[in-house]
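These notes concern the structure reproduced below.
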Amino acid sequence: MDTIKGRKEFLELYGSGRKRTYSTLIIFYKEKGQGRRFGVAVPRRIGSAPARNTVKRRLRELVRREEKRLPDHTSYVLVLRGQREPGFRELEDDLHRFIEDVKRERTQRFEEGPA
RNA sequence: GGAGCUGGCCGGGUGAUCGCAGGGGCCGGAAGGUCCCUGAGGAAAGUCCGGACUCCACAGGGCAGGGAGCUGGGUAACUCCCAGGCGGGGAAACCCGACGGCAAGUGCAACAGAGAGUAGACCGCCAGCAGCCUCCGCGCAGGGGGUGUUGGUAAGGGUGAAAGGGUGGUGUAAGAGACCACCGGCACAGCCGGCGACGGUUGUGGCCAGGUAAACCCCUCCCGGAGCAAGGCCAAAUAGGAGCCGAGCCGUGGCCCGCGGCGUUUGAGGUUCGGGUAGGCCGCUAGAGGCUCAUGGAGACAUGGGUCCCAGAUGGAUGAUCACCGGCUGAUGGUCCUUGGUAAAUGCUCUUAUAUAUAGGCUCGCGUUUGCGCGGCGAGAAUGUGAGCCUCAUCGGGCUACAAGAUAGCCCUCGAGCGUACCAAGGCCAGAAGUUACAGAAUCCGGCUUACAGGCCGGCUCCCUCA
């Protein structure tokens, strides 16, 4: 899993990337460069350092599992929503929804494209 | 067994699947692959002290600023640690203390109170003066009690966190360190013990000096600045840009003097606009290091030997998911064990026998409420003491009657052992459910402080019981 590094690149995705909102996550993404690259952001309001680290590990684990199902040549930033530490299942559900949404979006574009 | 104090330690485990970071070996031209090893804490936290390390400065002096503040020791150093002293808390084990100086100066103190730091008369106490009352009337002597007023007084009451030493005496109208004795405290001097803080003791002195220095301040001692984004190397890039101000600027990091450097035609420096970089490597993990043994020491710790190598990320690794097992709390159940209590709704056996002081009321006797004289009223009121009588209550419980209580009637009654029933507590077994903390290295150490579900081991104090 390649990671996004540098504040500038994060700001670029926040500014010009596409955005989808789910119950525990906000996901920014944009076609860019080679391969798939990921960034994870967990705000301070979630809790202490150990709590934030746990959430980040869960998100990385999910990305590692599901990476192949996402479109290539794209950068993604996953930002945590809410005030509390979410469970693994909640995060998993949201990521699956995102994968379905992105797949539908590409199919639509593919059908509209040649027409 | 209970209550408490204290020192040290731990702070989930196993398995499966899928992963991360560093190092090493092997394969490969490289990308990478593969195997092995290692991979968060007691506080990694707060960033509060102290150091190591790195760079800058080193020419000093004065002023300012900050810190420390009982003694001796330990340490690289400390605001830390050990031992001791003193003060405070506790019945004790033990705990707590910024613990130099308010008898150098200046300042501050709410409310209450008469008075709060050169003290102060609200009540009280005492004295003088005036006038009044004393079973009734009158007189004499003496006493007592109020009132008003003028003074005295810090004994007593009251206020307050605190009222200007305490106790006893002398003294006095009443009092007062006014004087005396003892005690406490203070200052000075001596002696004894201790390295010392200090302790003990003797003498002298003046009667005594309130609190607050995390109030200013005074005294003693200590203190260059910045921090691993320190600092160095490599690579890349900006571009030696423009406008304006301009005689000072920089370092000695607070200020002044002084000193050093740069600059005033060759323009230091500042500011605005425009533009750009922030990639890699080293520092970077072997250290005041861990474990263990020996020696010295009361201890903190030191010295020496042996042995081990134990995180180094940089959008930041050290894990994610699932299953099982633990730890703790525990509704409820089993009624197996122990202990205690209750029971004419209880059985059996043994052994047997008991009376008290106080309170209240009533009656009677005696004494006192200054003395005397005359008259009146009246055996009264208050108080002390002695004798007799009466009443109530307590000294055991249950049942019946009554709404309840008083009360009345009836019954059982003491002690010991065993058993039965019920209740309570503890142990044991089962167990729904809940809970499983605080918290994430970022240059590294030594500390401090704060947070923490729960658990383990040791030592000590007090109380109860048994032998």
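Values reported hereafter were calculated over all heavy atoms of this structure, with side chains retained and with hydrogens, waters and symmetry mates removed. Lettering follows sequence order; numbering is per chain, from 1.
Nearest to the side-chain atoms of A:Arg57 among the listed nucleotides B:G19, B:U321, B:G319 stands B:G319. For A:Arg64, counting side-chain heavy atoms from C-beta on, the closest listed nucleotide (B:G440, B:U321, B:G19) is B:G19. Taking every side-chain heavy atom of A:Arg58 into account, B:U321 is the closest of B:G440, B:C18, B:U321. Picking from B:A320, B:G19, B:C322 the nucleotide with the shortest atom distance to the side chain of A:Arg89 gives B:C322. Between B:A439, B:G315, B:G19, one nucleotide has an atom nearer to the side chain of A:Ala41 than all others, and that is B:G315.
For B:U391, the paired nucleotide is B:A359, the pair qualifying as Watson-Crick or G-U wobble because both relevant distances are below 3.5 Å. B:A154: no Watson-Crick or G-U partner with both key distances under 3.5 Å is found in any strand.
Heavy-atom nearest nucleotides on RNA chain B were determined for A:Thr54 and for A:Val42, and the one closer to the 5' end corresponds to A:Val42. Between A:Glu61 and A:Ala49, the one whose closest nucleotide on RNA chain B sits nearer the 5' end is A:Glu61.
A:Glu100 contributes no side-chain N or O that, together with a main-chain N or O of A:Arg97, makes up a donor-acceptor pair within less than 3.5 Å. Looking only at distances, no side-chain donor or acceptor of A:Thr107 sits under 3.5 Å from a matching main-chain atom of A:Glu105.
When the P atom is compared between B:G168 and B:G156, the two are found 10 Å apart, to the nearest whole Å.
Glycosidic torsion of B:G42 falls within 90° of 0, placing the base in syn. In textbook terms, a nucleotide whose glycosidic angle is within 90° of 0 is syn, while B:C5, being further out, is anti. Nucleotide B:G177 carries a syn base; the chi torsion (O4'-C1'-N9-C4 or O4'-C1'-N1-C2) is within 90° of 0.
In this structure, NZ of A:Lys56 is placed 14 Å from C1' of B:U318, rounded to the nearest angstrom.
When the side-chain nitrogen and oxygen atoms of A:Arg60 are compared with OP1 and OP2 of B:G319, none of them lie within a distance under 4.0 Å.
Salt-bridge formation is not detected for the pair A:Arg18/A:Glu31: no Lys NZ or Arg NE/NH1/NH2 atom is positioned less than 4.0 Å from an Asp or Glu carboxylate oxygen. With salt bridges taken as basic N to acidic carboxylate O contacts below 4.0 Å, none links A:Arg58 and A:Glu90.
Here A:Tyr14 and A:Phe28 bring their ring centres to under 6.0 angstrom of each other.
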